[in-house]
Amino acid sequence: MTLIRNELPSDYRTVEELTKRAFWNVNFPGCNEHYLAHILRTQADFLPELDFVIEADSKIIGNIMYVRSKLIDENGMVKTVLTFGPLSVLPEYQRKGYGKMLLEHSFVKARELGYEAIVIFGNPENYISSGFRNCKKYNVSLDGGIYPVPLLVKELKEGALDGKRWVYKESSAYEIDEKAAEDFDKSFPQMEKAYRPSQELFYIYSNSKMN
């Protein structure tokens with residue numbers, strides 16, 4: 001039986017531990033996503049109503065967290081949008097549809113709360129099947145008219161971005177103190193840092209943009 005529900009305070013450490021296991025050595029040697037999960041809950045932009053865990057085999061195997069971010073159009077109008085991350089699934093449960101189940105559940109709840117779009121930085125290979133498109137298709141850029149390849153957009157309401165030009169302002173909730181993250185990790189079971197090919201893919205996507 002699979003269950004998706006809101007995260008409880010009693011789940012916090014379990015979620016942080018599974019997040020470490022999910023991201024360790026994926027994007028770079030080690031990871032800091034478990035520290036990010038820890039600090040997000042205290043941030044003003046954090047949305048506890050969109051903080052979900054998924055259970056299978058009578059245990060928590062995954063989690064998704066959302067914050068509010070902003071889009072600003074050419075006239076200075078601000079539109080509140082959603083950004084999620086980390087989205088974590090234990091390694092032994094990955095590629096079995098659990099992450100997509102978390103996504104689809106959260107999309108429904110986000111629409112119910114009145115949100116109209118989601119903007120993330122992510123691997124396109126992981127999110128296109130869930131309806132995300134490259135930011136340029138929605139005229140969403142960073143400052144300076146930059147359209148990064150991994151900047152992805154999903155409209156929860158069709159036409160929500162209505163052809164305007166937008167600049168994405170990611171929430172400051174995602175700013176990480178690397179020294180604090182390193183210190184935080186010392187309280188977790190230690191894992192060996194190593195190279196994986198996925199790190200090269202992360203580097204390529206992180207440094208690529210659309211013309």
Side-chain angles (χ1 to χ4, degrees), residues 1-27 31-69 80-133 152-158 160 171 173-174 176 181 184-185 187-189 191 198:
M1 177 180 174
T2 301
L3 172 68
I4 298 177
R5 59 170 176 79
N6 285 110
E7 184 189 42
L8 301 172
S10 57
D11 301 324
Y12 288 177
R13 183 68 177 193
T14 298
V15 166
E16 291 158 10
E17 289 175 352
L18 78 85
T19 299
K20 175 174 178 173
R21 288 186 57 199
F23 280 96
W24 194 255
N25 291 335
V26 172
N27 295 329
C31 77
N32 55 27
E33 281 80 2
H34 53 313
Y35 176 67
L36 176 60
H38 179 70
I39 64 171
L40 274 187
R41 304 183 189 102
T42 67
Q43 303 299 306
D45 286 328
F46 177 64
L47 293 164
E49 59 269 42
L50 292 176
D51 175 17
F52 298 107
V53 297
I54 185 168
E55 295 182 0
D57 299 329
S58 302
K59 65 181 180 180
I60 296 173
I61 64 161
N63 167 252
I64 189 169
M65 294 178 162
Y66 278 83
V67 300
R68 286 179 290 260
S69 292
T80 299
V81 296
L82 296 173
T83 301
F84 66 75
L87 166 58
S88 310
V89 177
L90 283 170
E92 59 267 33
Y93 288 89
Q94 291 175 9
R95 305 301 175 187
K96 296 182 179 181
Y98 292 109
K100 195 161 188 177
M101 289 173 64
L102 272 172
L103 283 173
E104 294 300 329
H105 181 84
S106 68
F107 296 161
V108 171
K109 297 301 182 182
R111 288 189 186 96
E112 291 175 357
L113 291 170
Y115 292 101
E116 297 182 341
I118 302 172
V119 184
I120 63 167
F121 282 99
N123 184 336
E125 297 171 39
N126 293 338
Y127 296 110
I128 288 175
S129 64
S130 293
F132 285 86
R133 300 292 179 263
L152 307 174
V153 178
K154 177 181 175 69
E155 285 189 330
L156 295 172
K157 177 183 177 182
E158 188 174 354
S171 171
Y174 285 118
I176 288 182
F184 178 72
D185 181 64
S187 67
F188 288 75
M191 300 167 64
S198 59

[X] to [Y] - nearest heavy-atom pair and separation:
| X | Y | result |
| --- | --- | --- |
| Ala173 | Val67 | CB-CG1, 4.3 Å |
| Phe46 | Arg68 | O-NH2, 4.4 Å |
| Ser106 | Ile64 | OG-CD1, 4.0 Å |
| Ser198 | Val26 | OG-O, 2.6 Å |
| Thr42 | Ile39 | OG1-O, 2.8 Å |
| Ala181 | Ile176 | CB-CG2, 4.1 Å |

Original post:
Which residues satisfy the salt bridge (Lys or Arg N to Asp or Glu O under 4.0 Å) test with Lys157, sequence neighbours excluded?
Top reply: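 In terms of salt bridge (Lys or Arg N to Asp or Glu O under 4.0 Å), with neighbours along the sequence ignored, Lys157 is linked to Glu116.
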Subject >> For Arg13, all residues meeting salt bridge (Lys or Arg N to Asp or Glu O under 4.0 Å), sequence neighbours excluded >> reply: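 Counting only residues at least two positions away or on another chain, Arg13 forms a salt bridge (Lys or Arg N to Asp or Glu O under 4.0 Å) with Glu17.
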Subject >> All side chain to side chain contact (heavy atoms under 4.5 Å, CB included) counterparts of Asn126, not counting sequence neighbours >> reply: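 Asn126 satisfies side chain to side chain contact (heavy atoms under 4.5 Å, CB included) with Arg95, Asn123 once adjacent residues are dropped.
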Subject >> Those residues that, when tested against Glu33, pass side chain to side chain contact (heavy atoms under 4.5 Å, CB included) (two or more places apart) >> reply: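 Only Thr19, Phe23, Asn27, Cys31, Pro86 meet the side chain to side chain contact (heavy atoms under 4.5 Å, CB included) criterion with Glu33.
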Identify, with sequence neighbours excluded, every residue that meets side chain to side chain donor-acceptor pair (under 3.5 Å) alongside [X].
| X | result |
| --- | --- |
| Glu155 | none |
| Thr83 | Ser69, Tyr168 |
| Lys109 | none |
| Glu92 | Arg21 |

Subject >> ring-ring contact (aromatic ring centres under 6.0 Å, His included) against Phe188, all qualifying residues, sequence neighbours excluded >> reply: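 Expected list: His34, Phe184.
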Kindly say whether [Y] contributes a backbone atom to a donor-acceptor pair with the side chain of [X] at under 3.5 angstrom?
| X | Y | answer |
| --- | --- | --- |
| Gln94 | Val89 | yes |
| Arg133 | Ile128 | yes |
| Lys154 | Tyr127 | no |

Original post:
Should we count CD of Glu158 as having more than 12 external heavy atoms under 6.0 Å?
Top reply: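 Result for CD/Glu158: open.
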Side-chain donor/acceptor pairs under 3.5 Å, residues 98-105, sequence neighbours excluded:
| from | atom 1 | to | atom 2 | distance (Å) |
| --- | --- | --- | --- | --- |
| Lys100 | NZ | Ser129 | O | 3.4 |

Original post:
What side-chain hydrogen bond (donor to acceptor under 3.5 Å, both in side chains) pairs are there with at least one residue in residues 44-58, not counting sequence neighbours?
Top reply: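 side-chain hydrogen bond (donor to acceptor under 3.5 Å, both in side chains) check on residues 44-58 returns Arg5-Glu55, Asp45-Ser171, Asp51-Asn63, Asp57-Tyr93.
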**OP:** Report the distance from atom NZ of Lys20 to atom NE2 of His38, rounding to the nearest 0.5 Å.
**Re:**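 Going from NZ on Lys20 over to NE2 on His38, the span is 14.0 Å.
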**OP:** Please find out if less than 6.0 Å separates the ring center of Phe121 from that of Tyr174.
**Re:**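 Here the rings of Tyr174 and Phe121 have centres that are no less than 6.0 Å from each other.
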